[in-house]
2 protein chains.
Amino acid sequence: MAAAGNADSARLLSPQLIHVACVCAGHNASRDVVTLVKSVLFHRRNPLHFHFITDTVANRILSSLFQSWMVPSVQVSFYDADELKSEVSWIPNKHYSGIYGLMKLTLTKALPSDLSKVIVLDTDITFATDIAELWGIFRKFTDKQVIGLVENQSDWYLGNLWKNHKPWPALGRGFNTGVILLYLERLRRIGWEQMWRLTAERELMSMLSTSLADQDIFNAFIKQNPVLVHQLPCFWNVQLSDHTRSEQCYTEVSDLKVIHWNSPKKLRVKNKHVEFFRNLYLTFLEYDGNLLRRELFGCPSQASPETVQLQAALEELDEDDQCYDFRRERLTVHRVHLYFLQYEYTPTEDDTDVTLVAQLSMDRLQMLEAICKHWEGPISLALYMSDAEAQQFLRYAQASEVLKNRKNVGYHIVYKEGQFYPVNLVRNVALKNANTPYVFLTDVDFLPMYGLYDYLSRKSVVQLDMAHTKKALVVPAFETLRYRLSFPKSKAELLSMLDMGTLYTFRYHVWPKGHAPTNYAKWRTATTPYKVEWEPDFEPYVVVRRDCPEYDQRFVGFGWNKVSHVMELDAQEYDLMVLPNAFMIHMPHAPSFDISKFRSSSSYRNCLNTLKDEFHQDLSRKYGSAALKYLTAQRNI
Amino acid sequence: MAAAGNADSARLLSPQLIHVACVCAGHNASRDVVTLVKSVLFHRRNPLHFHFITDTVANRILSSLFQSWMVPSVQVSFYDADELKSEVSWIPNKHYSGIYGLMKLTLTKALPSDLSKVIVLDTDITFATDIAELWGIFRKFTDKQVIGLVENQSDWYLGNLWKNHKPWPALGRGFNTGVILLYLERLRRIGWEQMWRLTAERELMSMLSTSLADQDIFNAFIKQNPVLVHQLPCFWNVQLSDHTRSEQCYTEVSDLKVIHWNSPKKLRVKNKHVEFFRNLYLTFLEYDGNLLRRELFGCPSQASPETVQLQAALEELDEDDQCYDFRRERLTVHRVHLYFLQYEYTPTEDDTDVTLVAQLSMDRLQMLEAICKHWEGPISLALYMSDAEAQQFLRYAQASEVLKNRKNVGYHIVYKEGQFYPVNLVRNVALKNANTPYVFLTDVDFLPMYGLYDYLSRKSVVQLDMAHTKKALVVPAFETLRYRLSFPKSKAELLSMLDMGTLYTFRYHVWPKGHAPTNYAKWRTATTPYKVEWEPDFEPYVVVRRDCPEYDQRFVGFGWNKVSHVMELDAQEYDLMVLPNAFMIHMPHAPSFDISKFRSSSSYRNCLNTLKDEFHQDLSRKYGSAALKYLTAQRNI
């Protein structure tokens, strides 16, 4: 405990648990709330407990995000907004936030009944100070006060904005509900649930609907019960809406603690000092969230079971092992933000749908539009990026006509960390988040033939009875070394380009083994699917059921990441069936950094061999003596 | 002025000017000091005046950096370390910081005589709080105290680290000089200059040399004059050296204000909480420095003449002009960090040396090694990057055997800002920082033929009397559409590859006009340089004197950036001479983002036309009626 320092900071530093509640629904709010959380974590010195009232989408995104973020001394709880809808759905509301804009009224009911105090925040809030300072204000409440709020910084509730403007009743300028100190225990005691309802019902008789959602009801309630409110200093909720009077706040105090982007225009709002505010916001928007995983000082955290397990695994590693770095990477938990952009997908009725599954990093972004043009079905993409790159990607996707019109693409961000490219981990994120019974496992630098989606989902999957048999359908792979390729419209055209030397079979020049077992000679004339046998180093692109084995995450960087997967498919006795009328073409690109980094390193190659051996041993252990053939095959090469 | 808020913070917020001094020499320290400055700027609320004692290298880097950074309410002064060397060069010193490690002793002499107080910082310091808090401690000095220091957090001065370890005399554990509050006015009054000299001379009789540079002398001085020192709380200089006892400091106070990376191992130092400290450091290392340009609140800044001029130019812009964004970009001042990596270049005696000049961004980094292998002469590269990317580049360059062994490459970072790629601004940074009489103006995706450097600098430049005539030597450009090119060793080999269709003349398929005037047919058989005439849209790669006109910075994004430059060369009556035995080859790459972003935009093309017209008008104004030919030529296409 702090003994030195001034008394005020010592008090703030006591490791008291601070509770924060937030209503969050949909993809966009789930992105916004991350920036809020980062700004809170950046300045905080106390353990925190976040309480999220979420719809299904936000729940899926935020629960996996926090699970993978592993921030010490941060707990997270979720509450189903759908279950709370009936509490507020009877209130007509014109605000753009919709029904979720009313949910803050239900917090005494939604949150655990033994929770006595909570700070409630909108998702468009940025903290510029330690949240413990705000929490400390609960101590300044008189015995009667139950709710802490900042005055509204617009003239809305004065009712003079336009002729016949008739706002809900409020005390003077009214209060803003973007930042609330909610004394839950006292609210329950005074019968808040009945009280706000009565207020709302009475006012709705004349007002017909709310304009500013919960804020109208809070204000009408306070007007009737002014002794219940504790007014917070204005800098705890500096409101950047249009016509804001917030300037009077911050020029007086020259100390901003909380910014509220409460204009639908958000960052584009007009304001003399908007550059200053935008900088604060951008600081956290692009801030590397991994840096927030730091331990709190003077505050021993109760480690989660995952953390304890991870710690134990890390301690088992031998720092002198020449493959230490590889094994260390394998244990790295990468932060994951699923469904980073808007996503909508309705399963097809016949249950034969196929998702294209791939992973990429920043340097392949320009492939996305082309892939979308070649594949109209659902796509699951995992993107390996830094926080700043994810924002760059967002801007790119929002500016692209092709991408912004496609809703059936799931974009999952895996945040960068460490020196290796954890390619199989990233692939698994894309694979696990496909929402169809079948997946086409491909790479981002390939373009599928036009119509491949239809061919697979309407024909092959049914014809080959994929639902009841263990099959991996091979899509033969070709490549071009030229930039300006006129993409073949048919198998016939492809074959003639092959004969002309405009196309080659994939990696024909450098690594023929990878695809030779596809048997391209046979494919030329094949009209029905044919079975081929597994061979060492075979790494075809396949269509399989989504419940296929995952990629082995020990293979990081480059080398053996697909080979090991196909080997495991074979070990599980998948039949490898080559599709006679399907093809895909690899488009040229400059070599990636990681490849050039490791191709030259002998220790990298040595470790890869060690990892291969260990993978073989694991296969034998899992699949018995039959799997020994992989080891033998390997040794013979 | 702050009226509200607690008294303590109100006091800190008074807009008092704070002075900071720092000794900085060489390329690496110049990089380090930027991270220190960022951490100070991030938390500060006061105007600051930085005083840098620099060698020539650091002066060049930091003066251009601050000039382009344009942070409001920040002044910068430079003092020549070379002029101060004689003050301390007589002191034998074993510390790795060399003679610069002693310069802090000379500050009373180096800094302006009317400067009364200054905070002195090492370059390996990171601030975690507002520096005004530290400045405020001057007020706690008794009348006698002249210097504020934190106790050393190692046992060094106790003299028990090893047998016969004999450190300089110190009070107990001694003091660390990484963070010093220096009361200059009082130091001058008590005769500090004579005092430290006498101390040093006396101790050197038995000690022979200093081990920890200035710190030994400060400590010996304090041991003799203990009443002069004001001991600062330990958290003002948490020292992360090996065997540090700093942990006792921060576990007690749980409030860290200044971190000092005073181990030669820097970030790799072993320490239980090193992750925490490293995160703090990385936060500022990769922080977007543009965000620190924000105005201070409650502190009207005295704008520099540059700022006033810029503000006026910005106000003249018409927001409704369809090319507003282009004109706005043109006025953006990009932060520039010259010589980001170690750089050494000795001019050749015959004054015929040629620098390869190019610009690039992250996605072309993989070209650097190849270019270095093809061109052994000096290179000036401007890199358009974010702060985070610059760090990625640094790691890449330090890991590359090829790059780290080349000292004659100047890497200049132009920091990203805005939505356009300011290609001509970036080119000009590379051009202006070439240190030879001649420059080869190329693009980063070209590889020069082997031996081009010798051919140009030893032969062409002399043969064509470049020193006394106005000439632009054209290096004919070719291209390959294939990745795996066996690079031609001679003109003969190149010609046969051209005949085979393995190579083409550059942009033969898409934009033949750009290079047609080179007259490739003539070049095939040419054995001596031949003159060609300028034609519209000609954009050859040329060798010119370094005093050639700069690129016109109004052309941002893609289009007309080189064309306008060659046009101006022609307007200045440069002779265009094609070199018979020189060539360069464009290597394939995926299309860049920016190109694909703008190719499709009609407003982009419209603005480009407007800008072209304005450029033509400017040419006529500058070069008279002769320049009308460009306008006519343009209209005829």
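For the numbers below, each heavy atom of this structure counts, side chains included, while hydrogens, waters and symmetry mates do not. Predicted, not measured: the structure shown is a model, and the values here were computed from it. In what follows, chains carry the letters A, B, and so on, assigned in the order in which the sequence lines appear, proteins first and then strands, with residues in each chain numbered from 1.
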- Note on the structure: Separation between CG (A:L365) and CG (B:D363), nearest 0.5 Å, reads 11.5 Å
- Message: Distance check, rounded to the nearest 0.5 Å: B:D288 atom CG versus A:T283 atom OG1?
- Response: 8.0 Å
- Item | Near-ring test A:F42/B:F42, centroid separation under 6.0 angstrom | yes
- Task: Rounded to the nearest 0.5 Å, what's the gap from CG on B:L291 to CD on A:E286? Could you check?
- Result: 7.5 Å
- B:K404 NZ: over 12 foreign heavy atoms closer than 6.0 Å: yes
- How many angstroms lie between atom CG of B:L292 and atom CG of A:N279, to the nearest 0.5 angstrom? 8.0 Å
- Atom CD in B:Q392, atom NZ in A:K416: separation rounded to 0.5 Å? 4.5 Å
